[in-house]
Amino acid sequence: MNPLLVLDVIRFELRRSMSPGRAAIWVILVLFPIALISAIRLLSNQGEGNSQAWGLALYFLVPEVVCLLGLLLWATPAVSTEIEGQTWVYLAMRRPGRNLVLVGKYLTAVLWSFSAACVAATACTIIMGSVGGFQLWLVVCVLSLLSCLAHAALYILIGTLFFRRTMVTAVFYTLVIEYGLSLVPAMANRLTINYRLRGLLAEWMDWDEARTVAESIGGQEPAWFHVLTLLAISITLVCVAIVRLTYSEIPTQQEG
Amino acid sequence: MIQLEQVSKLYGTIIGANDLTVQLPPGAFGIVGPNGSGKTTLINLLTGQLRPTLGKVTVFNQNPWRNRKLLRRIGLCPATDVLYPNVSAYEWVTYQVRLHGLSQQDSKQFAAESLQQVDMTEHMHRPMGEYSLGMRQRTKIAQAIAHRPDLLILDEPYNGLDPVGRYQMTELLVNFSKQGKSLLFASHVLHEIEEITSSFLLIHGGRLLASGTARDVEQIIADTPQEVVLFGPDVPRLIPHLADQSWVDSIQLLSERTELRIGLRDPTNLYQSLAGWISADHLQVDRFQTADSNLTAVFESLLRRHRGESK
């Protein structure tokens with residue numbers, strides 16, 4: 001796959017998404033955690049004392065909520081919008097079109113969501129003052145990147161498995177698996193992305209006490225293992241999506 | 001160029017293509033059929049978007065489903081509209097050419113040339129959201145020809161075009177064909193295709209009913225029992241005239257005796273006699289509908305012939 005062609009797909013996708021609606025969604029995603037952190041900062045009686053609570057709040061708001069919402073809007077409908085808009089056939093008529101467009105849209109979704117997450121994390125860290133500092137900001141940014149890579153791959157795959165009701169399926173999966181199962185203290189939660197992200201947060205922030213108390217929902221594996229697992233999940237899911245799309249007979253239009 | 005061997009395509013229990021066998025040499029061909037006849041299924045099979053349930057499809061001696069490199073030699077203008085509201089035609093066509101793997105410079109050059117061919121140069125930097133249906137149609141043609149394919153497939157390319165646009169489109173397709181390139185052109189309007197090619201494939205219900213030149217098809221239609229419908233308050237008074245004729249197969253009086261449906265073996269006899277009967281008896285006949293004006297009726301006649309229900 002020619003990386004320059006992938007860059008062109010990203011450029012085109014960003015170009016076509018330069019609309020007031022998309023820009024407004026990006027701004028809302030950025031402002032949402034900022035507003036909540038600001039409110040907590042104003043109303044909290046804990047002051048700057050409980051850095052772990054602040055860190056968890058920031059982690060929940062940025063790598064989980066902001067990234068997931070952004071990716072739900074960008075990655076999940078990547079294929080289905082082209083099918084519904086009846087523009088898929090134009091892309092599928094290009095030799096590498098199916099795979100190239102899928103990878104390009106995947107990376108665009110990552111880029112778009114990660115940019116919102118980074119800006120939100122930066123602003124929130126500034127508002128939080130000295131509670132988290134540079135370490136928390138860096139950890140949240142890296143976790144956001146990993147979250148975007150893994151969740152985008154997951155949603156892209158869901159988008160290629162379910163051409164209809166894609167968003168409903170992705171939201172259902174997120175609520176049941178990523179927010180439900182990942183918090184269940186059982187072996188099954190190790191298959192979820194959020195389990196790995198929480199493990200990395202505790203590991204990189206040196207929250208040993210938290211890890212001991214909530215070992216089953218954050219894990220005790222080393223950081224490199226979590227990172228490798230997340231990257232493996234991302235690559236595997238994208239590859240499965242590519243294979244699925246390559247051999248899919250997608251209805252191009254109403255039969256004429 | 002194109003070979004289909006006993007190709008069938010099933011969508012669950014619905015048949016999209018039914019035992020199609022056809023060989024097409026390089027050239028221009030029209031695919032004629034009413035809406036829902038299987039034209040788009042055939043196009044999707046030829047472009048590798050669908051895999052045949054049964055049979056074998058080859059284009060340029062290759063299987064389009066397995067060999068997607070083949071797409072570099074095919075240009076497709078689908079019937080569906082395209083709309084990226086805030087992207088210009090130039091950006092979109094350049095992007096489409098680029099996806100074929102051409103360099104950025106070539107992609108831009110090819111896109112500009114193809115947009116010029118469809119007379120879109122003046123508007124090509126405007127967002128597509130501002131385009132009329134006809135302009136979008138021309139942009140679709142531009143993306144289909146921009147990478148200089150050997151085979152151009154068009155599905156209802158005249159949709160949305162005004163008379164001037166139709167004329168320009170016809171000129172473009174005729175010129176494309178004259179360059180020695182192949183053209184496959186699907187439409188449900190026979191005369192649109194006649195302006196570009198004299199070779200037809202007639203499909204209906206996913207089946208190939210007839211193929212050949214316009215003359216062949218006309219002969220088939222002429223040999224096929226056809227139906228003529230007359231409307232007016234005096235049409236029952238034509239029945240005595242018709243009942244004596246050997247070329248009349250059936251007569252039906254419908255709609256409170258104001259619609260006369262006549263099954264004919266040879267309509268030309270009716271055309272020769274009808275005016276005389278009307279004039280002699282001072283009859284009021286408001287409307288005359290022939291099978292020719294109703295392509296579906298022609299296809300139904302051909303289908304009966306295909307099934308062996310008539311000669």
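These numbers come from the heavy atoms of this one structure, side chains and all, not from hydrogens, waters or symmetry mates. Chain naming here is simple, since letters A, B, ... match the order of the sequence lines and numbering starts at 1 in each.
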> Are A/Glu249 and B/Arg51 close enough, and set up right, to give a side-chain contact (heavy atoms from CB on, under 4.5 Å), and what steps lead you there?
Replying inline: CA-CA 7 Å; A/Glu249 292 181 283; B/Arg51 180 172 39 186; 3.5 Å; yes
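Proximity to chain B is limited to the backbone of A/Ser248, based on heavy atoms less than 4.5 angstrom apart.
Chosen from A/Val9, A/Asn2, A/Val101, the residue pairing most often with chain B at heavy-atom distances under 4.5 Å is A/Val9. Between chain A and the residues B/Glu156, B/Arg72, B/Gln104, B/His147, the most heavy-atom pairs under 4.5 angstrom are made by B/Gln104.
Atom CG of B/Leu70 and atom CZ of A/Arg95 lie 11.5 Å apart (nearest 0.5 Å).
Close approach to chain A, defined as a heavy atom under 4.5 Å from one of its heavy atoms, is seen in B/Lys140, B/Gln143 of residues 125-143 of chain B, taken by number. Residues of residues 85-97 of chain B lying under 4.5 angstrom from chain A, judged on non-hydrogen atoms, are B/Asn86, B/Val87, B/Glu91, B/Trp92, B/Tyr95, B/Gln96 in numerical order.
Proximity of A/Tyr90 to B/Thr80: side-chain heavy atoms (C-beta onward) are separated by under 4.5 Å at one or more points. Considering only heavy atoms from C-beta on, A/Met93 comes within 4.5 Å of B/Ile74 through its side chain.
With a 6.0 Å radius and a threshold of 12 heavy atoms from other residues, nucleotides or ligands, A/Tyr179 has its OH atom above the threshold.
When all heavy atoms of A/Thr246 and B/Arg68 are compared, the pair lying nearest together is O-NH1, 3.2 Å. Between A/Ala92 and B/Gln49, the shortest heavy-atom distance links the atoms CB-OE1, 3.2 Å. Nearest heavy-atom pair, A/Leu5 versus B/Arg98, reported as atom, atom and distance to 0.1 Å: CD2-O, 3.1 Å.
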